[in-house]
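Values in this document were obtained by computation on a predicted structure and should not be read as measured data. Residue numbers count from 1 along this sequence.
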Amino acid sequence: MKHVVDMSWTDKVAFEADMDGHKVVVDATEEAGGSDLGPRPKKLMLSALAGCTGVDVIMILKKMKVVPEAFNVIVEADVTEEHPKHYDKMKVIYQFKGKDLPYDKLEKAVKLSEEKYCGVTAVYKKAMEMETEIRIVE
């Protein structure tokens with residue numbers, strides 16, 4: 001299997017990606033010569049991680065018959081000071097909302113995603129320090 005993204009230059013330093021018919025624009029800030037038409041490319045790495053593991057966790061929890069009232073994945077990343085500036089540490093916060101959510105099942109779903117199913121996590125773990133936090137809010 002091969003994944004393909006076609007990234008086309010559109011203006012100044014803006015690009016539009018075509019991913020299976022879905023369009024995503026990336027750009028730089030105005031200070032950096034862009035027009036701020038979309039997110040910075042590096043931040044898409046955070047979105048890729050949040051989306052990949054989030055989908056896994058919800059799919060696993062549904063199989064366990066656990067459906068939170070709300071769920072979000074927050075990814076915080078530390079950027080190096082020197083060039084090439086890159087992420088050297090990420091923290092993934094899984095935030096669940098609901099009453100009487102079984103913590104053991106939430107934890108199991110997160111671990112299965114991080115250790116078995118999420119390909120983005122697998123790659124990032126090889127490149128940087130990764131940390132996890134599970135939060136339940138009522």
Please answer: with hydrophobic residues joined when any side-chain heavy atoms are less than 4.5 Å apart, are [X] and [Y] in the same cluster?
{"X": "Leu46", "Y": "Val5", "answer": "no"}
{"X": "Leu44", "Y": "Ile74", "answer": "no"}
{"X": "Val4", "Y": "Val123", "answer": "no"}
{"X": "Val26", "Y": "Val120", "answer": "no"}
{"X": "Val73", "Y": "Leu112", "answer": "yes"}

[X] versus [Y], closest heavy-atom pair with distance:
{"X": "Ala77", "Y": "Met90", "result": "CB-CG, 3.8 Å"}
{"X": "Ser35", "Y": "Lys12", "result": "OG-CD, 3.4 Å"}
{"X": "Ser113", "Y": "Val57", "result": "CB-CG2, 4.0 Å"}
{"X": "Lys85", "Y": "Glu81", "result": "CE-O, 3.2 Å"}

A side-chain contact here means heavy atoms from C-beta on lying under 4.5 Å apart; do [X] and [Y] qualify?
{"X": "Glu114", "Y": "Met130", "value": "no"}
{"X": "Val92", "Y": "Glu131", "value": "no"}
{"X": "Glu115", "Y": "Lys125", "value": "yes"}
{"X": "Thr80", "Y": "Tyr87", "value": "no"}

Could you walk me through whether Thr121 and Cys52 pass side chain to side chain contact (heavy atoms under 4.5 Å, CB included), step by step?
-> CA-CA 8 Å; Thr121 299; Cys52 180; 5.7 Å; no
- Task: Could you name each residue pair satisfying salt bridge (charged side-chain N to carboxylate O under 4.0 Å, His left out) that touches residues 32-51, not counting sequence neighbours?
- Result: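 Sorted result for residues 32-51: Asp36-Arg40.
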Can you tell me how far [atom2] of [Y] sits from [atom1] of [X], rounded to the nearest 0.5 angstrom?
{"X": "Leu101", "Y": "Ile134", "atom1": "CG", "atom2": "CD1", "result": "11.5 Å"}
{"X": "Thr132", "Y": "Ile93", "atom1": "OG1", "atom2": "CD1", "result": "10.0 Å"}
{"X": "Leu61", "Y": "Leu106", "atom1": "CG", "atom2": "CG", "result": "6.0 Å"}
{"X": "His86", "Y": "Glu82", "atom1": "NE2", "atom2": "CD", "result": "6.5 Å"}
{"X": "Lys97", "Y": "Glu69", "atom1": "NZ", "atom2": "CD", "result": "4.5 Å"}

Under the salt bridge (charged side-chain N to carboxylate O under 4.0 Å, His left out) test, residues paired with Glu133 that sit two or more places apart: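 If we apply the salt bridge (charged side-chain N to carboxylate O under 4.0 Å, His left out) test to Glu133, skipping adjacent residues, the hits are Lys91, Arg135.
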Check: Asp88 main-chain N/O paired with Asp78 side-chain donor or acceptor under 3.5 Å: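 Side chain of Asp78 to backbone of Asp88: no pair is present.
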Open item on the list: Checking the side chain of Tyr124 only, and the main-chain atoms of Met45 only, is there a donor and an acceptor separated by less than 3.5 Å?
Closed with: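 Answer holds: yes.
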Which pairs of donor and acceptor atoms, one on a side chain in residues 13-23, lie under 3.5 Å apart (sequence neighbours left out)?
{"unit_1": "Asp18", "atom_1": "OD1", "unit_2": "Gly21", "atom_2": "N", "d": "2.9"}
{"unit_1": "Asp18", "atom_1": "OD2", "unit_2": "Lys23", "atom_2": "NZ", "d": "2.9"}

- Message: Apply the hydrophobic cluster definition, ILVMFWY joined by side-chain contacts under 4.5 Å directly or through others, and give me every member besides Leu37.
- Response: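 Its cluster mates, by chain and number, are Val25.
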Taking ILVMFWY side chains as joined if any heavy atoms are under 4.5 angstrom apart, and letting links pass through other members, which residues group with Met59?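 Members besides Met59, by chain and number: Val55.
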According to the ring pair (Phe, Tyr, Trp, His ring centres under 6.0 Å) rule, which pairs have a member within residues 54-75, sequence neighbours left out?
->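 Every ring pair (Phe, Tyr, Trp, His ring centres under 6.0 Å) pair that includes a residue of residues 54-75, provided the two are not neighbours, is Phe71-Phe96.
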- [ ] Starting from the C-alpha separation in whole Å, work towards a yes-or-no answer on side chain to side chain contact (heavy atoms under 4.5 Å, CB included) for Ser47 and Leu49.
- [x] CA-CA 5 Å; Ser47 295; Leu49 174 58; over 6 Å; no
(message) side-chain hydrogen bond (donor to acceptor under 3.5 Å, both in side chains), that's the test. Do Thr53 and Tyr117 meet it? Break it down for me.
(response) CA-CA 8 Å; Thr53 192; Tyr117 295 112; over 6 Å; no
